[in-house]
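Both ligands and their constituent atoms are indexed starting at 1 by order of listing.
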Amino acid sequence: MLFKLTDEQLMIQNMVREFSRKVIAATAAQRDKTKEFPAENFRQMGELGLMGMMIPEKYGGESADTISYVLALSEIAYSCASTSVVMSVQNSIVCESLYKYGTEEQKQQFLVPLASGKIIGAFALTEPEAGSDPVSQQTTAVRQKDHYVLNGTKRFITSGKHSKVVLVTAKTDESKGHKGISCFIVPKKTPGLVVGHLEDKMGLRASDTTDLIFENCRVPADLMLGKEGDGFKIAMSGLDSGRIGIAAQSYGVAMAAFDAAVKYAKQRKQFGMAISKHQAIRFQIADMATQIEAAKQLIFSVASMKDRKQPHTKQASMAKLFASEMVNQITARAIQIHGGYGFTKEYDVERFYRDARVFTIYEGTSEIQRIVISNQVLKDRRK
Ligand code: CAA
């Protein structure tokens, strides 16, 4: 491996692996059926320091590096992708945005309980008519003395139901394009904020995805995150980190599907021998292993760039693009290797395939990642 893990990183990986395969895996298939949110698992993950890993200890986090975080997140994803998306959103786009842009009071009030895993947070950017193009969002925030009054609907919000606080973007000045978007910290109990439609999804079924409806929702002006007009920048820089998380999640699910496929190929006999002895299967295993390894190197590379505080927008999009496309291929191949059994709910690969499908869609589709990457490449070679 290009990156040699430190003793501390290895310790975190082993600790999370043990916890994930013992506790998280135990109910993952069942929760996929019942859609039950794993609240007790998140309580334990909070105690283990997994909900605000990269946040300094003084704000409830673990002061861990990004490499440790991607190791931990992929171990959780290995057992349950639904659990890992909540962990990813919480660690990156919620906690890191609060840490980076929050005032000391905001950090004490919101970051400490979030990073220590006492409460779950959500991030609300997407709207019914504004997904890939968040600048066209319609939610407004109008200043009235010491409050902003928010009106609008946010859609596809991860943890929309179970979160206790939400970072929400809204237009404070329609005339200024992306510079007219601001970000607010809104406690869920704020009057005028209602949880709307709960999506019935193909995968990630134990993670709730909802509408959030703001109707004359009065938010104190001191709960603005950053300055007026900073909302788009906060969202984009949060997504740089979020996309590393989705790449790590993709890697974790890919490893689970790959391990299942290899195990099955060694056990299943056809034509008088284990199917792993047939070249048709062996070559598939070789290709899968290579794709997974390539994704892993991209993920470690961007994680270490982030740890070195280097700009990493392009590399985060590359890792997210490659890893999310990769896991869709790996889970499809894992089903193919399982044959007819892979198409049944008897085997986990069916769940992995459904869970992975959204990875090329949320936190920016593969098409959006290509826009980000090409923008950065062309910018780098302007001269
Ligand atoms: N960090 C900080 N600032 C950034 C930035 C970054 N990574 N990327 C862009 N910006 C800033 C730019 O500097 C620029 O600011 P200035 O004008 O002050 O220089 C501003 O943002 C506009 O930048 P661009 O012109 O590059 O932006 P664009 O409009 O051409 O493209 C986009 C933007 C890449 C298409 C962007 O809209 C985008 O990423 N869209 C996808 C949105 C998305 O990923 N949504 C996912 C929803 S969240 C989710 O899924 C979470 C969940 O619950 C799982």
List, for ligand 1, each N/O atom that has a protein N/O partner under 3.5 Å away, with both atom names and the distance.
{"unit_1": "ligand 1", "atom_1": "7 (N)", "unit_2": "Asp240", "atom_2": "OD1", "d": "3.2"}
{"unit_1": "ligand 1", "atom_1": "7 (N)", "unit_2": "Asp240", "atom_2": "OD2", "d": "2.9"}
{"unit_1": "ligand 1", "atom_1": "7 (N)", "unit_2": "Thr313", "atom_2": "OG1", "d": "3.4"}
{"unit_1": "ligand 1", "atom_1": "15 (O)", "unit_2": "His178", "atom_2": "NE2", "d": "3.4"}
{"unit_1": "ligand 1", "atom_1": "17 (O)", "unit_2": "His178", "atom_2": "NE2", "d": "2.8"}
{"unit_1": "ligand 1", "atom_1": "17 (O)", "unit_2": "Lys179", "atom_2": "NZ", "d": "3.4"}
{"unit_1": "ligand 1", "atom_1": "18 (O)", "unit_2": "Lys179", "atom_2": "NZ", "d": "3.3"}
{"unit_1": "ligand 1", "atom_1": "39 (O)", "unit_2": "Arg243", "atom_2": "NH2", "d": "3.1"}
{"unit_1": "ligand 1", "atom_1": "40 (N)", "unit_2": "Ser132", "atom_2": "O", "d": "2.9"}
{"unit_1": "ligand 1", "atom_1": "44 (O)", "unit_2": "Arg243", "atom_2": "NH2", "d": "2.8"}
{"unit_1": "ligand 1", "atom_1": "44 (O)", "unit_2": "Gly364", "atom_2": "N", "d": "3.0"}
{"unit_1": "ligand 1", "atom_1": "50 (O)", "unit_2": "Glu363", "atom_2": "N", "d": "2.9"}
{"unit_1": "ligand 1", "atom_1": "53 (O)", "unit_2": "Thr158", "atom_2": "OG1", "d": "2.7"}

Return a table of donor-acceptor pairs under 3.5 angstrom between the side chains of residues 192-202 and protein atoms on other chains or two or more places apart.
{"unit_1": "His197", "atom_1": "NE2", "unit_2": "Glu199", "atom_2": "OE1", "d": "3.4"}
{"unit_1": "Asp200", "atom_1": "OD1", "unit_2": "Lys35", "atom_2": "NZ", "d": "3.2"}
{"unit_1": "Asp200", "atom_1": "OD1", "unit_2": "Arg205", "atom_2": "NH1", "d": "3.0"}
{"unit_1": "Lys201", "atom_1": "NZ", "unit_2": "Leu204", "atom_2": "O", "d": "2.8"}
{"unit_1": "Lys201", "atom_1": "NZ", "unit_2": "Ser207", "atom_2": "O", "d": "2.5"}
{"unit_1": "Lys201", "atom_1": "NZ", "unit_2": "Thr209", "atom_2": "OG1", "d": "2.8"}

Verdict with supporting geometry, Leu71 and Val16, side-chain contact (heavy atoms from CB on, under 4.5 Å): CA-CA 8 Å; Leu71 289 168; Val16 182; over 6 Å; no
For a quick test of your reading: what N or O donor-acceptor pairs under 3.5 Å do the side chains of residues 87-94 make, sequence neighbours left out?
{"unit_1": "Gln90", "atom_1": "OE1", "unit_2": "Gly121", "atom_2": "N", "d": "2.8"}
{"unit_1": "Gln90", "atom_1": "NE2", "unit_2": "Leu114", "atom_2": "O", "d": "2.9"}
{"unit_1": "Gln90", "atom_1": "NE2", "unit_2": "Ile119", "atom_2": "O", "d": "3.0"}
{"unit_1": "Asn91", "atom_1": "OD1", "unit_2": "Gly52", "atom_2": "N", "d": "3.4"}
{"unit_1": "Asn91", "atom_1": "OD1", "unit_2": "Met53", "atom_2": "N", "d": "2.7"}
{"unit_1": "Asn91", "atom_1": "ND2", "unit_2": "Leu50", "atom_2": "O", "d": "2.8"}
{"unit_1": "Asn91", "atom_1": "ND2", "unit_2": "Met87", "atom_2": "O", "d": "2.9"}
{"unit_1": "Ser92", "atom_1": "OG", "unit_2": "Ser88", "atom_2": "O", "d": "2.7"}

Residues Gln249 and Ser84: side-chain donor-acceptor under 3.5 angstrom: yes
For residues 175-187, please give each side-chain donor-acceptor pair under 3.5 Å, one per line with the distance, not counting sequence neighbours.
{"unit_1": "Ser175", "atom_1": "OG", "unit_2": "Asp173", "atom_2": "OD1", "d": "2.7"}
{"unit_1": "Ser182", "atom_1": "OG", "unit_2": "Thr172", "atom_2": "OG1", "d": "2.7"}
{"unit_1": "Ser182", "atom_1": "OG", "unit_2": "Gly229", "atom_2": "N", "d": "2.9"}

Residue pair Phe37, Val86: steps toward the side-chain contact (heavy atoms from CB on, under 4.5 Å) verdict: CA-CA 10 Å; Phe37 187 75; Val86 177; 4.2 Å; yes
